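Have a look at the structure below, then the notes.
Computed from a prediction, not measured in an experiment: that's the story for all the values here.
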Amino acid sequence: MQIGLVGLGKMGGNMRERLRNAGHTVIGYDTNREVSDVDHLSDLVDRLDGPRVVWVMVPAGAATQLVVDQLGSLLRHGDVVVDGGNSRWTDDEKHAKELHARGIGFVDAGVSGGVWGLKNGYALMVGGDEEHVELLKPIFDALKPDGPYGFVHAGRVGAGHFAKMVHNGIEYAMMQAYAEGWELLEKVDSVDNVREVFRSWQEGTVIRSWLLDLAVNALDDDEHLERLRGYAEDSGEGRWTVEAAIDNSVPLPAITASLFSRFASRQEDSPQMKMVAALRNQFGGHAVESADKA
């Protein structure tokens with residue numbers, strides 16, 4: 001299958017490679033000419049056969065809106081745009097309406113997998129009309145992990161990004177729990193091998209997870225996380241999750257507290273945020289700040 005891919009950063013570049021490895025033809029465009037297959041977005045569209053499918057992997061907000069606007073003027077009736085970035089679900093509804101007026105389909109795809117997705121596959125949470133999702137099934141099948149899991153058609157437009165938002169909210173709370181436990185273990189005198197305690201939890205315990213595995217990776221790199229500053233950004237999806245909870249009167253004390261803890265990390269060098277920063281770097285390649293900046 002042919003597909004255009006706009007945005008060839010950490011995620012988009014690896015997705016292009018995974019799709020090509022599965023036998024699909026991918027025409028990639030990026031403002032970084034060194035990684036781009038074409039010079040202009042219009043060149044990408046021209047090289048695709050109809051019905052064209054263009055997958056967008058750029059930052060949420062203004063950047064995504066700009067690309068959607070450009071594609072709206074370049075694509076034709078029957079073509080489909082996929083937003084695979086971390087857009088807010090309410091933006092999906094707006095984009096779908098704008099493109100629908102031109103006869104262009106729209107699918108929102110929440111994508112999880114970070115820098116490990118090329119090897120392990122990406123978990124995909126998708127929203128949109130059944131006909132558009134079915135058209136994209138070969139692409140979804142190539143991107144998802146092997147086996148029966150890792151893909152869901154969550155519902156109508158916006159459902160994919162809403163599901164990914166909740167996924168990220170849960171991720172916030174899980175990372176915070178590991179971070180709090182790690183700090184407590186580091187604090188007491190009786191435990192003198194915290195890294196190996198974490199490692200021992202990787203098998204046979206109810207809290208084993210991929211995040212725990214990544215925590216052990218981080219501790220193997222820097223046993224007491226002394227090289228990191230206790231500072232962690234939030235991508236915005238944690239905030240949106242809390243806002244949605246308020247709008248729907250759903251109590252989210254753990255997720256809300258984990259978001260506020262990240263805010264606290266910007267006020268002081270928080271030991272807990274060293275672990276959160278390390279985990280974000282491990283699973284997503286997110287930048288970390290050196291301890292000497294504190």
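- For the pair Lys94 and Glu98, the salt-bridge criterion is met [side-chain N within less than 4.0 Å of a carboxylate O].
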Quiz item: What do the steps show when you test Gln65 against His95 for side-chain hydrogen bond (donor to acceptor under 3.5 Å, both in side chains), and what is the final call?
Solution: CA-CA 8 Å; Gln65 183 66 62; His95 296 156; 3.0 Å; yes

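- Salt bridge annotation for Glu186-Lys274: absent, with no cationic side-chain nitrogen under 4.0 angstrom from a carboxylate oxygen.
- With hydrogens and angles ignored, the 3.5 Å screen pairs a side-chain donor or acceptor of Arg20 with a backbone N or O of Val26.
- A donor-acceptor distance shorter than 3.5 angstrom exists from the side chain of Thr241 to the backbone of Glu237, with no hydrogens or angles considered.
- Using cut-offs of 30° and 60° on the angle between ring planes, the pair Tyr178 and Phe198 is tilted.
- Using a 4.5 Å cut-off on side-chain heavy atoms (C-beta onward), Val152 and Leu124 make no contact.
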Quiz item: side-chain hydrogen bond (donor to acceptor under 3.5 Å, both in side chains) between Asp92 and His161: does it pass, once the steps are laid out?
Solution: CA-CA 8 Å; Asp92 295 326; His161 280 145; 2.7 Å; yes

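- Between Trp55 and Met15 the shortest side-chain heavy-atom distance falls below 4.5 Å.
- The backbone N or O of Tyr122 sits nowhere less than 3.5 Å from a side-chain atom of Arg18 that would complete a donor-acceptor pair.
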Practice problem: Let me see the working for Phe283 and Met175 under side chain to side chain contact (heavy atoms under 4.5 Å, CB included), right down to the final yes or no. | Solution: CA-CA 11 Å; Phe283 73 74; Met175 287 195 288; 3.7 Å; yes

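- Arg52 is not listed as a side-chain neighbour of Arg47, based on a closest heavy-atom distance of 4.5 Å or more.
- Looking at Ser265, its side chain does come within 3.5 Å of a backbone N or O of Ala232 through a donor-acceptor pair.
- Salt-bridge check for Asp221 with Arg227: failed, with every basic side-chain N at 4.0 Å or more from each acidic carboxylate O.
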Quiz item: Yes or no on side-chain hydrogen bond (donor to acceptor under 3.5 Å, both in side chains) for Asn14 and Lys10, after CA distance, side-chain angles and deciding distance?
Solution: CA-CA 7 Å; Asn14 282 347; Lys10 294 173 187 173; over 6 Å; no

